[in-house]
Structures are given as C-alpha cells and as structure tokens.
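Structure record follows, encoded as structure tokens.
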Amino acid sequence: MLKMSTLFLRTLRDDPADAEVASHKLLVRAGYVRRIAAGIYSWLPLGVITLRNVERVIREEMDNAGFQEVNFPALLPREAYETTNRWEEYGPSLFRLQDRKGGDYLLGPTHEEMFTLMVKGEYSSYKDLPLSIYQIQTKFRDEARPRSGIIRGREFVMKDSYSFDLDDAGLEVSYQNHRDAYVKTFDRLGMKYNIVKAVSGAMGGSKSEEFLAPCSTGEDTYVLCPQCGFAANVEAMVTKVDAQDSSKVPAVEAFDSPNTPTIDTLVELLNSKFGGGYTGAHTLKNVMLMADNKAVCVLVPGDREVDLKRFQENLGGIHELRVFEDADFAKFPALVKGYIGPQDAKKSGITVYADPRIAPGSSWVTGANQKDRHARNVVNGRDFTPDAYVEAAEVRAGDACPECATPVVIDRAIEIGHIFQLGRKYAEALNLTVLDHNGKSQIVTMGSYGIGVTRAVAAIAEQTHDEIGLNWPAELAPAKVHIVAAGKDDLLFETAFKLGTDLEAQGISVMLDDRRDASPGVKFKDAELIGNPIIVVVGKALAEGNVEVRVRKSGEKKEVALSSAVAAITDLLK
RNA sequence: CGGGGCGUAGCGUAGUGGCUAGCGCGCCUGCUUUGGGAGCAGGAGAUCGGGAGUUCGAAUCUCCCCGCCCCGACCA
C-alpha cells in the first residue's frame with residue numbers, strides 16, 4: 001500500500017515555468033518526473049510505478065506473441081557501427097565517448113547492429129528461423145532540439161524488436177505478427193492511435209508504418225481519409241493526378257512580365273493581360289535546390305511550397321537538402337532568378353524533378369528563362385520533360401485521398417510506434433547468413449519494430465488528462481484505488497487503512513492518503529492531480545457507515561456502505 | 001545550427017544603478033482548525049547561473065561563458 005504519509009512525493013501547486021505541454025506540466029506537478037537537463041529526466045516513485053506498468057503491458061504482449069526478451073548494454077563499442085557505416089552516418093545525434101585507452105564507444109541510439117551480431121553468433125541454419133527478439137532498454141540520442149518534456153528526450157526508454165527470416169514471405173509474416181502485437185499493446189494501453197503509411201527513410205528497407213497517437217501537441221503531421229480510412233504520414237502521402245490531353249493547347253507564348261517577383265503579382269498580371277481565370281495553381285514554380293551539393297530543380301504548382309522533408313524522403317539517399325543561395329545562382333549564370341522555366345534546364349545539366357501534380361500533358365505558366373519574361377501554354381511532355389516524378393509539394397487538408405479521392409483531413413500526432421521491413425541491409429553489412437535447405441548460404445532478411453516506452457507514458461497523459469490533473473487507465477495508474485482519509489478521528493484513519501488492506505487482499509492496488517496534517521481540500525486536489533481511476537473518501541459519511549466512491553474520469557460519485565465497498569469498487573474496475 | 005525569450009530560496013515570482021533582495025506556495029515550531037489547496041504567531045532557507053569589467057556603489061550597465069524554454073532546420 002502506498003501511504004502518502006511516507007511516500008517520497010511532493011506535488012506542486014504551480015506549473016513549472018519550463019513546461020509547455022500538458023503531459024510535462026502535470027507529470028512534474030504530480031511528482032512523477034523531474035528535469036535533470038534538457039531532454040533528460042529522473043523518475044520519482046509514482047513515475048517509476050507508472051512506467052513499469054506500461055513496460056509490463058508491452059512485455060506481456062511481446063511475450064504472448066512469442067517474441068523473446070534479451071538485453072543489451074547501452075554502452076557499445078564502435079566496431080559494429082563502423083561496419084554498417086552508422087558511426088558516421090548517424091552524425092551529431094550519436095553520443096560518442098572514449099574509454100581510458102582512447103577506444104571509441106557510443107551510447108546506443110538503436111540496436112540493429114547488436115541484434116544482428118547476436119543472432120549471427122548463435123544461429124546458422126534456416127531451421128532456426130523465424131526468430132523475433134526484443135529488449136526494453138534505455139536509448140541515447142543527442143537530439144538537436146529535445147522538446148515537449150519527455151515526449152522527445154535525449155535519454156529515453158524504448159522497446160525494440162527485430163525479426164529474422166529466410167525470405168521475404170517470412171518477413172511479411174513476422175511484420176504482420178508485430179503489427180498485430182502492437183495493436184493489442186496500444187489497445188491495452190488505452191490509447192487512441194492511427195496506423196499510417198510511412199517512408200522508410202534512413203533506415204532503408206521497403207515497407208514501414210507508424211503508430212500515431214492523435215494529439216494537438218504532437219510533432220508528426222499525417223493525413224487521414226474520413227471516407228475510406230486511408231492514413232499516411234505527410235511524407236508518405238501519394239498524389240494521383242491523371243495525364244491530360246494537350247492536343248488543343250496552343251504553342252508556347254512568351255510575354256513581358258516585369259515586376260512580378262512573386263506568384264501573386266504574376267497572377268495579377270496574367271488576369272489583366274489575358275482576361276482573368278488564372279490562379280496560382282496555373283503557374284509552375286521552379287525551385288532550385290542543392291542536394292548533397294548537386295543542383296537539382298523541382299517543379300511544383302505555384303500555389304504550393306516545396307516540402308523539403310517530403311521531397312528528401314521520397315527522393316531517397318540524400319543527406320543534405322537545402323534551398324539555393326545567391327552563391328549557388330552565381331555558379332549557374334544561365335538561370336535567371338525569378339524567371340526560371342523547365343524548358344532549358346537540360347542545357348544547364350540540371351536534373352529536373354516534378355511533383356506528380358505536374359501531370360504529363362498539363363499546361364503551365366512559367367518563367368521564360370529571360371529577365372522580366374514569362375511564358376504560357378508550356379506543356380509537360382511537349383515543351384519540357386521532367387527527369388523523374390517525385391512527391392515534393394506540401395500536402396494540404398482537402399487534397400484528394402489516393403484510394404478514393406475524398407478530401408483528406410490533416411492532424412497532428414505523437415509517434416508511439418514504428419515498424420519497418422528492413423530487408424537485408426544490416427544482415428548483408430554484418431554478414432548474417434544461414435544455410436538453406438539446399439545447404440546454400442542465404443542472407444537473412446530482417447524487420448525492426450520500436451515502441452517509445454517513456455514517450456507512451458507522456459502520450460497517454462496527453463490523451464487522458466483533464467483540467468484538474470492526470471487520469472490514467474486502471475492498468476497503468478500508480479494504484480487502482482486512491483483512498484482519502486478526510487477527517488481527524490483515529491477511527492476514520494483505521495477504517496481507511498482497513499479498507500485498503502481488504503482491497504489489496506483482492507489484488508487491487510491501493511494508495512492511501514493517511515496524512516494527519518493535510519486538510520481534506522489538499523487531499524482531494526492531490527488525488528485528482530495524481531490521477532488514479534477510483535477515489536474513495538472515508539470521511540463524514542462514515543457516521544452512517546458509508547464511504548464515498550468516485551470515478552476520477554467521469555466525476556461520478558456515490559455513497560456505498562463500508563461493508564459493500566470492496567464489491568462496489570471491484571465492480572467499477574471491471 | 002539560425003531566430004526569439006529567459007536564468008533571483010525546493011516551486012512560482014517582484015525588484016531597470018542606491019538602505020539589510022521583497023512576496024506567495026512549500027518547509028520547521030507553537031496554538032487553533034479538518035469535506036475542496038484553512039487561520040494566527042514565530043522561524044529556517046538566496047554565493048541573484050558563472051567569470052571579467054565599468055562605477056563611490058551592480059540582481060540591475062558592458063563583454064565573455066554556461067544553462068533552460070519556444071519556433072525553424074534536424075529527428076531509427
């Protein structure tokens with residue numbers, strides 16, 4: 001029984017000045033966590049209990065799915081990460097350190113290498129596969145900007161699993177098993193979430209999905225189709241635009257367009273010159289970018305910005321992508337800034353990518369590659385030809401769902417899980433092979449699957465809190481029942497303690513506010529702030545032999561006879 | 001890394017060159033009080049983030065450094 005009289009806990013009346021999001025404010029105020037440094041938190045008793053509860057649920061679901069738990073150190077030698085090139089590729093986000101002999105070490109940000117090597121050390125036959133193993137362990141990433149309390153920390157707890165299969169069909173099954181296990185896990189954690197398509201990005205591999213917990217303070221933006229349920233991270237949103245018939249489009253017509261530095265001013269000129277009907281969506285924007293120090297041009301409709309992250313993810317294999325600067329323009333004198341068109345890009349040897357909205361046969365107003373000159377009736381496929389189509393334009397609410405063309409909605413969320421079909425990238429680099437049934441050596445194919453455990457605690461707090469405090473699902477709360485002894489009679493305290501003992505005998509965890517010096521008001525506020533699902537008040541109703549049972553979430557309260565309290569509470573917790 | 005804000009007791013804060021750095025919460029002692037963050041009285045607790053400088057005098061002005069928060073870049 002957690003007794004408040006001795007519990008290592010101090011709640012705060014005021015929001016901490018350095019907290020912005022609700023989960024951060026409340027977890028600090030209710031005495032669950034304390035900040036140590038940016039993105040680094042210590043956990044107090046209530047926080048530890050809650051975190052362990054979340055871990056327990058995850059562990060049980062992983063075990064139920066047949067995955068086996070292992071554990072790696074956080075402190076790792078450089079070697080394996082050198083082999084996969086991630087010692088370099090991971091960049092400044094990797095915590096690197098040296099031992100006394102000058103040997104290089106790192107604090108593990110994720111453990112693909114170590115898991116691969118562990119399996120390599122034990123297994124060498126296809127008969128041993130499939131295999132899925134996992135750990136729940138502290139990870140370290142030197143984030144450029146830790147934020148939102150424990151939602152994005154530099155040290156955090158993650159559950160990471162890895163699957164090992166002989167072939168793609170096997171990987172598909174392992175992936176699906178993890179997906180199913182995640183659905184069960186997040187359902188049990190009481191979370192609202194969407195499973196969305198994602199781009200595999202730096203991890204490589206073919207297929208990837210994210211589990212996103214909708215939440216206004218989340219950092220991830222995703223699209224959702226209200227009609228068919230299609231959901232995707234904005235990076236993975238697909239634009240479907242059909243080819244257009246351009247046979248009736250007149251020839252390219254260049255015209256003078258002085259003082260039209262922006263799309264808006266250009267549209268204004270077009271409407272006065274050609275009798276209206278033009279919008280930004282009729283213009284073609286030629287955005288010059290530097291991709292790993294190679295100039296590229298990306299075409300998007302004039303009314304949309306280039307989403308650099310989206311373009312980079314879909315282009316793949318690019319480490320640094322940035323917009324053109326004046327110094328870059330200086331290297332390409334043929335490019336007339338503000339009047340670039342795709343017609344002459346080939347002459348400059350620049351690769352031209354087009355967003356799919358620039359459909360074959362579509363006709364555009366764009367730069368004429370001369371100062372103060374634009375051109376209209378510039379047709380894709382006739383007057384210019386993109387080298388490739390790559391999703392690049394910003395995604396907007398109302399864009400067409402790629403499955404059913406219904407306008408999509410856009411929402412924000414916290415990424416709580418991510419599952420990847422990695423393929424053979426790590427197995428190949430570290431030479432993880434098994435002999436197949438023909439005695440032939442085969443490279444193993446892998447999947448990796450993560451759940452942010454500490455982040456889940458914060459995400460659940462975000463989704464379940466209300467104005468007065470935290471509000472945990474019963475399975476995760478520090479205690480299922482919070483008994484408040486409201487009064488000063490010894491009998492009342494004895495009764496409250498007895499009730500706690502009776503509840504615990506039924507396997508129901510109990511927190512007891514047995515502080516003699518705290519007023520009832522303080523105890524009520526603390527109980528509501530801490531967020532256990534059932535609050536039982538042993539107070540003035542005791543004169544009639546009753547206690548008051550409250551449901552934290554609904555605020556519903558009722559008096560029940562002390563003698564039937566355990567039964568009533570058991571019932572409520574079902 | 002770019003932009004913005006901030007750093008005064010455990011927490012929240014006042015104090016823009018001048019007396020002993022003020023207040024609220026929390027903490028300690030005593031009395032009173034006990035169904036919505038009680039009251040009265042007394043008390044402890046601060047190298048004002050650090051260093052250098054300007055000045056008769058610096059929490060306050062200047063410079064350097066450190067740290068924290070927010071927006072962006074970044075983020076298996």
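Just so it is clear, the model here is predicted, and its values are computed rather than measured. Chain letters run A, B, ... following the sequence lines, proteins first and then strands; every chain starts at 1.
A/Asp142 places its CG atom 11 Å from the P atom of B/C1, with the value rounded to the nearest Å. Following rounding to the nearest Å, A/Glu143 (CD) and B/G72 (P) show an atom-to-atom distance of 15 Å. Atom P of nucleotide B/G67 and atom CD1 of A/Ile40 are separated by 11 Å, given to the nearest angstrom. Taking atom CD of A/Glu20 as the reference point, atom P of B/C69 lies 11 Å away to the nearest angstrom. In this structure, A/Arg86 atom CZ and B/C75 atom P are separated by 14 Å, rounded to whole Å. Distance, A/Tyr90 OH to B/C75 P: 10 Å, rounded to whole Å. Going from atom CG of A/Asp18 over to atom C1' of B/U13 covers 15 Å, rounded to whole Å. Spacing between atom CZ of A/Phe8 and atom P of B/G10 amounts to 14 Å, rounded to whole angstrom units.
Side-chain polar atoms of A/Ser163 and A/Tyr175 form no donor-acceptor pair below 3.5 angstrom. For the residue pair A/Lys159/A/Tyr182, the side-chain donor-acceptor check at 3.5 Å is satisfied. Side-chain contact of A/Tyr426 with A/Arg86: a donor-acceptor pair under 3.5 Å is present, judged by distance alone. Of the N and O atoms on the side chains of A/Asp160 and A/Tyr449, not one donor lies less than 3.5 Å from an acceptor on the other residue.
The residue A/Lys523 sits apart from the nucleic acid: no heavy atom pair falls under 4.0 Å. The residue A/Thr84 sits apart from the nucleic acid: no heavy atom pair falls under 4.0 Å.
Annotation: B/C63 and B/G24 have their P atoms spaced 36 Å apart (nearest Å). Here the separation of B/A14 from B/U54, taken at their P atoms, is 31 Å to the nearest Å. B/A58 and B/G53 are spaced 11 Å apart, taking the C1' atom of each and rounding to whole Å. The P atoms of B/A44 and B/G7 are separated by 28 Å, rounded to the nearest whole Å. Separation of the P atoms belonging to B/U55 and B/G22 is 29 Å when rounded to the nearest angstrom. Taking atom C1' in both B/A21 and B/G45, the straight-line distance is 14 Å, to the nearest Å. Look at the P atom in both B/A46 and B/C11: the space between them is 13 Å, to the nearest Å. On the P atoms, B/U13 is 15 Å away from B/C69, given to the nearest whole Å.
Near RNA chain B, defined here as any heavy-atom distance below 4.0 Å, the residues from residues 30-37 of chain A are A/Arg35, A/Ala37, listed numerically.
For A/Lys184, the NZ atom is loosely surrounded, since the number of other residues' heavy atoms within 6.0 Å does not exceed 12.
For the pair A/Gln137 (side chain) and A/Phe72 (backbone), a donor-acceptor distance under 3.5 Å is present. The backbone N or O of A/Phe140 sits nowhere less than 3.5 Å from a side-chain atom of A/Arg154 that would complete a donor-acceptor pair. Without hydrogens or angle criteria, A/Thr454 side chain to A/Val157 main chain gives a donor-acceptor distance under 3.5 Å.
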Compile the donor-acceptor pairs under 3.5 Å between side chains in residues 13-26 of chain A and protein atoms, sequence neighbours left out, one pair per line.
unit_1: A/Asp18; atom_1: OD2; unit_2: A/Arg35; atom_2: NE; d: 3.0
unit_1: A/Ser23; atom_1: OG; unit_2: A/Glu462; atom_2: OE2; d: 2.7
unit_1: A/His24; atom_1: NE2; unit_2: A/Tyr41; atom_2: OH; d: 3.2

Please output the side-chain donor-acceptor pairs of residues 521-537 of chain A that fall under 3.5 Å, not counting sequence neighbours, one pair per line with the distance.
unit_1: A/Lys523; atom_1: NZ; unit_2: A/Ala485; atom_2: O; d: 2.7
unit_1: A/Lys523; atom_1: NZ; unit_2: A/Arg515; atom_2: O; d: 2.6
unit_1: A/Asp526; atom_1: OD1; unit_2: A/Thr11; atom_2: OG1; d: 2.8
unit_1: A/Asp526; atom_1: OD2; unit_2: A/Arg515; atom_2: NH1; d: 3.4
unit_1: A/Asp526; atom_1: OD2; unit_2: A/Arg515; atom_2: NH2; d: 3.0
unit_1: A/Asn532; atom_1: OD1; unit_2: A/Ala479; atom_2: N; d: 3.0
unit_1: A/Asn532; atom_1: ND2; unit_2: A/His482; atom_2: ND1; d: 3.2

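Separation of the A/Phe211 and A/Phe186 ring centroids falls under the 6.0 Å cut-off. Checked against the 6.0 Å centroid threshold, A/Tyr162 and A/His111 do not count as a close aromatic pair.
By the ring pair (Phe, Tyr, Trp, His ring centres under 6.0 Å) test, A/Tyr134 is found to be paired with no residue, residues two or more places apart in sequence or in another chain being considered.
The strand RNA chain B forms stems, runs of 3 or more Watson-Crick or G-U wobble pairs with distances below 3.5 Å, at B:1-7 with B:66-72, B:10-13 with B:22-25, B:27-31 with B:39-43, B:49-53 with B:61-65.
When the nearest nucleotides of RNA chain B are assigned to A/Asp15 and A/Lys159 by heavy-atom distance, the more 5′-ward of the two goes with A/Asp15. Comparing A/Gly39 and A/Pro16 by the nucleotide of RNA chain B whose heavy atom lies nearest to each, the residue mapping closer to the 5' end is A/Pro16.
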> In the 5'-to-3' direction, what one-character label does each nucleotide of nucleotides 26-43 of chain B receive under the scheme B = base within less than 4.0 Å of a protein heavy atom, S = sugar-phosphate only, - = no such atom?
Replying inline: S-------BBBBS-----

